[in-house]
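Structure first, then comments.
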Amino acid sequence: MTEPDSLATTRAAYDAVAANYARDIPGRYHSSPLAHAMIVVFAELVRAGGGGPVADVGCGPGHVTAHLSTLGVSAHGVDVSPEMIVLARAAHPGLRFDVGTMTALTADDATLAGVVANYSIIHTPPERLPETFAEFHRVLAPGGHLLLGFQADDHPTRLGEPFDHSITPAHRYSPDRVAELLLDADLTEVARLVIAPGEDAKRGFPQAYLLARRPTGEQPE
Ligand SMILES: C[S@@+](CC[C@H](N)C(=O)[O-])C[C@H]1O[C@@H](n2cnc3c(N)ncnc32)[C@H](O)[C@@H]1O
């Protein structure tokens with residue numbers, strides 16, 4: 001299958017900034033309780049469900065993968081940028097990091113306890129979200145959890161809009177519309193956290209974390 005132009009653009013852009021990103025972003029993540037609040041909840045749900053492998057897709061330099069690991073989750077990272085993967089492996093030598101794309105994961109069907117995409121679906125064009133969510137559904141085991149973090153759009157009707165991301169083209173997305181697309185992919189919303197726009201000093205965008213689950217298929221008693 002030929003790769004979309006957007007993926008090649010994303011790869012080249014993140015390869016170019018990988019060293020600076022790895023220097024600046026992990027510290028910001030660890031010093032912001034709101035930025036990792038839902039990661040902690042996600043890890044607890046994965047552990048409560050009996051554990052299993054978790055993919056951090058669009059992992060960048062691997063700080064979220066490593067955080068999940070310290071929280072007792074068996075996490076590995078996947079990123080389309082080879083430079084990011086080099087840096088992730090160097091920073092976290094005990095963890096697995098693979099070059100790859102979130103639309104063609106190497107995991108077998110229904111084998112993952114969880115998938116995290118922390119600020120990585122923002123580089124997926126709107127028309128490619130359905131196939132991306134179908135891939136997340138494919139790899140998740142029944143009862144497995146998905147956590148999406150992204151810049152949010154609070155427009156009442158649209159799915160999303162492009163914004164001036166400093167690295168490469170990106171969209172911010174409507175949490176409600178993303179939740180609808182997840183449901184179309186048979187992924188049911190469990191919870192969400194929306195951080196107030198005023199907390200984003202740079203652009204004034206809300207930040208959304210959507211937690212969803214692949215249904216078990218079992219009827220509740
Ligand atoms: C904004 S960074 C987020 C990195 C990290 N998750 C974090 O929280 O800091 C977006 C990352 O997603 C990766 N990415 C974007 N689209 C991707 C795709 N389709 N498949 C795999 N990785 C992708 C980029 O290479 C980049 O490392």
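Numbering of ligands and ligand atoms starts at 1, following listing order.
- For ligand 1, the atoms sitting less than 4.0 Å from at least one non-hydrogen atom of Ser81 are 25 (O), numbered in the order shown with element in parentheses.
- Contact atoms of ligand 1 toward Asn118: 3 (C), 5 (C), 6 (N), 7 (C), 8 (O) (distance under 4.0 Å to a heavy atom of the residue).
- Considering backbone and side-chain N/O of His63, one or more are found under 3.5 Å from N/O of ligand 1.
- Proximity of a side-chain donor or acceptor of His165 to a complementary backbone N or O of Ile167 within less than 3.5 Å is detected.
- The closest approach between a heavy atom of Tyr21 and any atom of ligand 1 is below 4.0 Å.
- Residue-ligand proximity, Leu7 to ligand 1, at heavy-atom distances under 4.0 Å covers atoms 18 (C), 19 (N).
- The contact set between ligand 1 and Tyr119, taken as ligand atoms under 4.0 Å from a residue heavy atom, comprises 1 (C), 2 (S), 3 (C), 10 (C).
- Residue Gly58 places at least one N or O, backbone or side chain, under 3.5 Å from an N or O of ligand 1.
- A cation-pi arrangement, defined by a distance under 6.0 Å to the six-membered ring centre and an angle within 45 degrees of its axis, is absent between Arg89 and Phe97.
- The shortest separation from a heavy atom of Thr10 to ligand 1 is under 4.0 Å, placing the residue in contact.
- Closest to atom 17 (C) of ligand 1, if we only count protein heavy atoms, is Met102 CE, 3.6 Å.
- Numbered from 1 in the order shown, with element, the atoms of ligand 1 that lie under 4.0 Å from a heavy atom of Gly100 read 20 (N), 21 (C).
- At least one N/O-N/O distance between Val80 and ligand 1 falls below 3.5 Å.
- Atom CD of Glu44 has 12 or fewer neighbouring heavy atoms from other residues, nucleotides or ligands inside a 6.0 Å radius.
- Near Thr101, meaning under 4.0 Å from one of its heavy atoms, ligand 1 places the atoms 20 (N), 21 (C).
- Here side chain to side chain donor-acceptor pair (under 3.5 Å) pairs that include residues 26-35, with residues two or more places apart or in two chains, are Tyr29-His67.
- The shortest N or O to N or O distance between Asp79 and ligand 1 is below 3.5 Å.
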